[in-house]
Enquirer: 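One structure is given below, represented as structure tokens, and several questions about it will come after.
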Amino acid sequence: MKATGIVRRIDDLGRVVIPKEIRRTMHIRDGDPLEIYTDREGEVIFKKYSPMGELNLFTEQICETLHKSTGKITAITDRESVVSVFGASKREILEKRISSELEELMEERQSYRRSPADKKLPFIAKTETPWVEIAVPILSQGDVLGCVVFLSSVDGDEFGELEMKLATIVSRVLAKQME
């Protein structure tokens, strides 16, 4: 754990303000859920809560099934990082921060399918491969929870209507699980 040197007082309602610098650095937005941990030494730790992380085993099975059905690299993300992946090196992708381009795409709440004329959309922050071919946001009660993604790391992979429909179905199933 790293000390920030910032001290805040708790108000009479038990609230504490998380400084803007920390919120910005940790990508904490208004309305983001935080999980609270304590230990025996009296430490209180706030951690960003990922509802998609609760479905870890389920999302792993979905990614494996999608990969075996299509032969494509598949992944499921929360709003910031990769939750599950199959068909590529987990060590290089799992739990890594997603690219800001993919974050923006999710915030637009629109499905994405790369055309041959489009530039490659990076999947992982500060990394060129693999790139996003298909992305469908997971929307539950109007909130973006994550994304179902088909990836490629070689030119010439073909992604069609089948992969788009599968990603859409999986996105809806995951959204239903989160309700």
Side-chain angles (χ1 to χ4, degrees), residues 23-32 48-140 142-178:
R23 291 193 319 264
R24 187 181 305 127
T25 303
M26 302 306 294
H27 303 281
I28 298 172
R29 302 177 190 100
D30 290 349
D32 279 354
K48 285 189 73 172
Y49 174 73
S50 170
M52 293 304 298
E54 298 291 317
L55 297 176
N56 197 298
L57 181 60
F58 187 52
T59 59
E60 285 177 14
Q61 292 170 342
I62 287 174
C63 284
E64 181 179 1
T65 302
L66 286 173
H67 173 72
K68 287 182 177 179
S69 300
T70 64
K72 311 289 187 200
I73 303 169
T74 59
I76 295 174
T77 73
D78 61 16
R79 289 178 55 174
E80 296 180 355
S81 60
V82 182
V83 174
S84 299
V85 65
F86 206 89
S89 171
K90 289 185 180 187
R91 185 173 42 94
E92 294 176 16
I93 296 175
L94 197 60
E95 298 179 359
K96 297 285 194 258
R97 181 153 185 83
I98 62 173
S99 69
S100 57
E101 294 92 337
L102 182 56
E103 281 185 45
E104 290 172 20
L105 191 74
M106 283 192 286
E107 289 304 317
E108 292 173 9
R109 293 169 163 74
Q110 297 294 318
S111 297
Y112 168 83
R113 181 172 165 195
R114 188 175 89 86
S115 70
D118 293 341
K119 69 175 193 162
K120 295 173 180 167
L121 180 79
F123 179 56
I124 303 293
K126 302 175 186 173
T127 308
E128 292 183 18
T129 58
W131 58 86
V132 176
E133 291 286 350
I134 290 175
V136 178
I138 302 165
L139 304 172
S140 179
D143 293 329
V144 178
L145 302 179
C147 199
V148 178
V149 187
F150 278 96
L151 305 165
S152 184
S153 57
V154 293
D155 288 318
D157 268 356
E158 291 188 28
F159 291 80
E161 204 56 39
L162 172 65
E163 289 84 5
M164 189 62 151
K165 286 181 181 177
L166 286 170
T168 302
I169 290 167
V170 168
S171 168
R172 290 178 181 161
V173 168
L174 289 170
K176 198 72 173 161
Q177 288 294 313
M178 299 310 297

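Here the structure is a predicted model, which is why all the values come from computation and not from measurement.
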Enquirer: Look up atom CE in M178 and atom CD1 in I138, then write down how far apart they are to the nearest 0.5 Å.
Expert: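 That separation rounds to 9.0 Å.
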Enquirer: Would you indicate whether E128, at its atom CD, is surrounded by more than 12 heavy atoms from other residues, nucleotides or ligands within a distance under 6.0 Å?
Expert: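 Atom CD in E128 is not crowded, with 12 or fewer foreign heavy atoms closer than 6.0 Å.
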Enquirer: I want to check something: taking the side chain as every heavy atom from C-beta on, are Y112 and D118 in contact at a cut-off of under 4.5 Å?
Expert: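 A side-chain contact exists here, since the closest heavy-atom pair is under 4.5 Å.
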Enquirer: Run the numbers on D157 and F150 for side chain to side chain contact (heavy atoms under 4.5 Å, CB included), then give the verdict.
Expert: CA-CA 11 Å; D157 268 356; F150 278 96; over 6 Å; no
Enquirer: Going by the rule salt bridge (Lys or Arg N to Asp or Glu O under 4.0 Å), which residues pair with R97 if we only count those two or more places apart in sequence or in a different chain?
Expert: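 R97 satisfies salt bridge (Lys or Arg N to Asp or Glu O under 4.0 Å) with E80, E103 only.
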Enquirer: How long is the span from the CG atom in L151 to the OG1 atom in T129, to the nearest 0.5 Å?
Expert: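 Between L151 CG and T129 OG1, I get 10.0 Å after rounding to 0.5 Å.
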Enquirer: Restricting to non-hydrogen atoms, name the atom on I134 and the atom on G160 that form the minimum distance, rounded to 0.1 Å.
Expert: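 Reported closest heavy-atom pair: CD1-O, 3.9 Å.
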Enquirer: Minimum heavy-atom separation for P137 to Q110, with atom names?
Expert: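 Smallest interatomic distance, heavy atoms only, reads CD-O, 3.5 Å.
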Enquirer: Treating S171 as the side-chain partner and A167 as the backbone partner, does any N or O pair qualify as donor plus acceptor under 3.5 Å?
Expert: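 No; zero donor-acceptor contacts below 3.5 Å.
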Enquirer: Check for a donor-acceptor pair, side chain of T74 on one end and backbone N or O of C63 on the other, with a separation under 3.5 Å.
Expert: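 Yes, the answer is positive, given that a donor and an acceptor are paired below the 3.5 Å cut-off.
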Enquirer: So, R109 side chain and G142 main chain: donor-acceptor pair closer than 3.5 Å or not?
Expert: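 It does hold such a pair.
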Enquirer: Starting at CD of E95, measure out to NZ of K90 and round the result to the nearest 0.5 Å.
Expert: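 That separation rounds to 11.0 Å.
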Enquirer: A side-chain contact here means heavy atoms from C-beta on lying under 4.5 Å apart; do E64 and E60 qualify?
Expert: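 Contact flag for E64/E60 side chains = no.
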Enquirer: Spell out, as yes or no, whether a donor-acceptor pair under 3.5 Å connects the side chain of S99 to the backbone of P122.
Expert: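 A pair under 3.5 Å: yes.
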Enquirer: Which value, rounded to the nearest 0.5 Å, describes the distance between F159 atom CZ and M164 atom CE?
Expert: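 Interatomic distance, F159 CZ to M164 CE, rounded to 0.5 Å: 12.5 Å.
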Enquirer: So, taking the atom named CG in L102 and the one named CD in E107, what distance separates them when rounded to the nearest 0.5 Å?
Expert: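 Taking CG in L102 and CD in E107, the distance rounds to 10.5 Å.
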Enquirer: Report the distance from atom OG of S111 to atom CE of M106, rounding to the nearest 0.5 Å.
Expert: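 Taking OG in S111 and CE in M106, the distance rounds to 12.5 Å.
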Enquirer: If you take all heavy atoms of I93 and P130, which pair is closest and at what distance?
Expert: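 Of all heavy-atom pairs spanning I93 and P130, the closest is CD1-CG, 3.9 Å.
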Enquirer: Mind listing the closest non-hydrogen atom pair of E101 and L121 along with its distance?
Expert: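 Smallest heavy-atom distance, with atoms named: CB-CD1, 3.3 Å.
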Enquirer: Got a sec, which residues hit salt bridge (Lys or Arg N to Asp or Glu O under 4.0 Å) with K120, two or more places apart in sequence or on another chain?
Expert: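 By the salt bridge (Lys or Arg N to Asp or Glu O under 4.0 Å) rule, K120 matches D155.
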Enquirer: State, to 0.1 Å, how close Q177 and F58 come at their nearest heavy-atom pair, and which atoms those are.
Expert: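 Residues Q177 and F58, closest heavy atoms: CG-CE2, 3.8 Å.
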Enquirer: Using side chain to side chain contact (heavy atoms under 4.5 Å, CB included), reason through K72 and E163 one step at a time and then give a plain yes or no.
Expert: CA-CA 9 Å; K72 311 289 187 200; E163 289 84 5; 3.6 Å; yes
Enquirer: Considering all heavy atoms of both residues, which atom of I73 and which atom of A88 are nearest to each other, and what is their separation?
Expert: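 So the minimum-distance heavy-atom pair works out to CG2-CB, 3.8 Å.
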Enquirer: Ignoring hydrogens and geometry beyond distance, is a side-chain donor-acceptor pair present between D143 and S140 at under 3.5 Å?
Expert: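 No, no side-chain donor-acceptor contact under 3.5 Å.
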Enquirer: Quick one: list whatever passes salt bridge (Lys or Arg N to Asp or Glu O under 4.0 Å) with E161, sequence neighbours left out.
Expert: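 Listed in chain order: R113.
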Enquirer: Would L174 and I62 satisfy side chain to side chain contact (heavy atoms under 4.5 Å, CB included), going step by step from the backbone distance to the final call?
Expert: CA-CA 10 Å; L174 289 170; I62 287 174; 3.9 Å; yes
Enquirer: Look only at the side chain of T77 and the backbone of C147, and say whether a donor-acceptor pair between them is shorter than 3.5 Å.
Expert: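 A pair under 3.5 Å: yes.
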